Amino acid sequence: MPLPPPGPVARVLVTGASSGIGAAVARALAARGYPTTLVARRADALADLAGELGGLSGLEHEVHAADLGTDAGLDDVRALLDDERVVGLVNAAGFGVTGRVADLADDAGQRAALDGLVRLNVLALHDLTVAAVGALVRRARAGGPSGAVLNVSSITAFQPLPGAASYAASKAFVQSFSEAVHAELAGTDVTLTTVSPGLTRTGFAEAAGTDAFDQVPDLVVGEAADVAEAGVAAMARGDRSITPGLVNQLSALGGRFTPRTLLLPALKAGMEHFGA
Ligand SMILES: NC(=O)C1=CN([C@@H]2O[C@H](COP(=O)(O)OP(=O)(O)OC[C@H]3O[C@@H](n4cnc5c(N)ncnc54)[C@H](OP(=O)(O)O)[C@@H]3O)[C@@H](O)[C@H]2O)C=CC1
Ligand SMILES: N[C@@H](C=O)C(=O)O
């Protein structure tokens with residue numbers, strides 16, 4: 001059984017909790033009766049959310065401001081996973097960079113952003129997942145509670161994406177790594193689930209410097225609360241992966257099975273149309 005029943009010592013650590021999907025996941029967990037430890041750089045936003053959740057749930061929601069793109073920040077957050085009260089981890093912290101590598105390569109700021117993307121979306125998620133799986137399996141084997149990890153992937157994980165090559169590749173890492181570890185954990189009391197959203201109305205687009213979300217029909221842009229509900233429910237069931245929304249599920253199928261000779265030129269044209 002993945003997530004144990006809620007209670008004061010069934011705490012879930014949520015990264016990316018100051019905004020968007022991470023904040024929505026924290027709300028969904030609190031609504032189910034799980035105390036949370038909220039992690040991001042923006043301490044004020046975390047404190048506001050902790051106050052909101054505490055008022056709603058009567059539970060203690062802790063705040064831990066940390067930059068997961070730095071060694072010190074990652075070390076601090078990894079240490080939080082040693083807390084015996086922690087039964088779950090949600091890796092939602094992440095961001096995108098749009099543009100062609102040949103263009104981004106000529107700009108020092110964009111080069112740093114790409115490095116930061118790999119550090120956060122890949123290295124930090126990998127580090128915290130390895131630490132959490134190790135701690136949760138050790139505790140379960142010693143007679144402790146079951147545990148669960150939820151990693152936020154993306155529909156961009158299912159195919160290369162010209163115009164967001166590093167971002168989509170970072171999510172391909174998340175998807176592949178997480179699904180493999182999910183299989184490794186079979187027979188243990190610990191599960192690892194990925195949620196692979198499509199376009200979702202959060203701070204993501206602004207952080208990625210794209211207005212593509214404003215150029216597509218509202219129909220294809222989802223809500224963070226819906227992604228969070230689907231992801232937390234899948235985490236609680238111990239599912240391997242979930243892609244919320246029929247449009248996103250069809251997109252994921254197309255990304256997985258369309259021949260690259262057809263898919264890549266089409267995606268390149270689409271991203272250029274959106275100015276990526
Ligand atoms: N929105 C979308 O269309 C989609 C998003 N996703 C994924 O969802 C996840 C959440 O993004 P979303 O909610 O949309 O975007 P937001 O920009 O709203 O949230 C991103 C979160 O990541 C945190 N974060 C960013 N950089 C760092 C850092 N260096 N250290 C610690 N925390 C950091 C931010 O907190 P702070 O700035 O306070 O540090 C914030 O809480 C990401 O992994 C994204 O790739 C997947 C598919 C679609
Ligand atoms: N918004 C992005 C997150 O992954 C995307 O879906 O392209």
Side-chain angles (χ1 to χ4, degrees), residues 13-28 36-50 63-78 80 90-98 112-113 115-129 150-158 161 164 166-175 178 194-214 216 220-228 230-231 241-245 247-248 251-252 255 274:
L13 189 151
V14 182
T15 73
S18 65
S19 172
I21 293 169
V25 163
R27 290 190 177 95
T36 63
T37 297
L38 307 172
V39 174
R41 293 167 301 182
R42 286 172 278 178
D44 290 350
L46 294 176
D48 290 347
L49 180 59
V63 166
H64 194 92
D67 182 346
L68 291 171
T70 67
D71 291 343
L74 186 53
D75 290 348
D76 283 352
V77 174
R78 190 189 312 113
L80 297 176
V90 178
N91 283 303
F95 70 95
V97 175
T98 55
D115 291 345
L117 179 155
V118 173
R119 278 205 69 148
L120 183 67
N121 295 12
V122 178
L123 294 178
L125 179 141
H126 180 264
D127 185 298
L128 294 179
T129 301
L150 176 67
N151 284 339
V152 182
S153 177
S154 161
I155 58 169
T156 61
F158 301 115
L161 187 55
S166 301
Y167 175 73
S170 76
K171 293 305 183 177
F173 171 87
V174 173
Q175 194 75 33
S178 302
T194 51
V195 58
S196 308
L199 300 183
T200 309
R201 220 176 304 282
T202 67
F204 180 92
E206 183 180 355
T210 176
D211 65 355
F213 291 32
D214 300 328
V216 298
V220 300
V221 184
E223 298 301 329
D226 296 334
V227 171
S241 183
I242 188 167
T243 300
V247 170
N248 295 328
S251 171
F274 288 124

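Indexing begins at 1, ligand by ligand and atom by atom, following the structure's order. The model shown is predicted, which means the values in this text are computed figures rather than measured ones. For reference, positions follow the sequence shown, starting with 1.
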Value rounded to 0.5 Å, distance of [atom1] in [X] from [atom2] in [Y]:
X      : Y      : atom1 : atom2 : answer
Ile242 : Leu150 : CD1   : CG    : 9.5 Å
Lys171 : Ser153 : NZ    : OG    : 6.0 Å
Thr202 : Phe95  : OG1   : CZ    : 13.5 Å

Out of curiosity, is [X] lining ligand 1, as in a heavy atom under 4.0 Å away?
X      : value
Ser153 : yes
Gly96  : no
Arg201 : no

Regarding ligand 1, does [X] bring an N or O atom to under 3.5 Å of one of the ligand's N or O atoms?
X      : value
Asn121 : no
Gly22  : no
Leu68  : yes
Gly203 : yes
Ile21  : yes

Have a look at Gln175 and tell me which of Thr156, Thr194, Asn151 forms a side-chain hydrogen bond (donor to acceptor under 3.5 Å, both in side chains) with it. Thr194
Residues two or more places apart in sequence or in another chain: which of them pass side-chain contact (heavy atoms from CB on, under 4.5 Å) with Asp71? Arg119
Assess the side chains of Glu223 and Thr200: does a donor N or O sit below 3.5 Å from an acceptor N or O? no
Are Asn91 and Thr129 close enough that a side-chain donor and a side-chain acceptor fall under 3.5 Å? yes
Using a 4.0 Å heavy-atom cut-off, say whether [X] meets ligand 1 through its side chain, its backbone, both or neither.
X      : value
Ala66  : backbone
Ser18  : both
Leu120 : side chain
Ala17  : backbone
Glu206 : neither

Only heavy atoms count here, so choose which of [options] is nearest to [atom].
atom                    : options                       : result
atom 48 (C) of ligand 1 : Ala65, Ser170, Gly198, Ser154 : Gly198
atom 14 (O) of ligand 1 : Thr202, Asn248, Thr15         : Thr202
atom 32 (N) of ligand 1 : Gly69, Ala93, Ala228          : Ala93
atom 20 (C) of ligand 1 : Gly231, Gly20, Ala124, Gly94  : Gly94
atom 3 (O) of ligand 1  : Leu117, Asp67, Thr200, Thr210 : Thr200

Contacting atoms of ligand 1, where contact means under 4.0 angstrom from a heavy atom of Tyr167: 6 (N), 7 (C), 44 (C), 45 (O), 46 (C)
Answer whether the closest heavy-atom distance between the side chains of Asn121 and Val174 falls below 4.5 Å. no
Might you work through the side chain to side chain contact (heavy atoms under 4.5 Å, CB included) test for His64 and Leu46, ending with a clear yes or no? CA-CA 8 Å; His64 194 92; Leu46 294 176; over 6 Å; no
Are the aromatic rings of Phe204 and Tyr167 close, with centres under 6.0 Å apart? yes
Val63 and Ala43 have their tightest heavy-atom pair at CG1-O, 4.4 Å
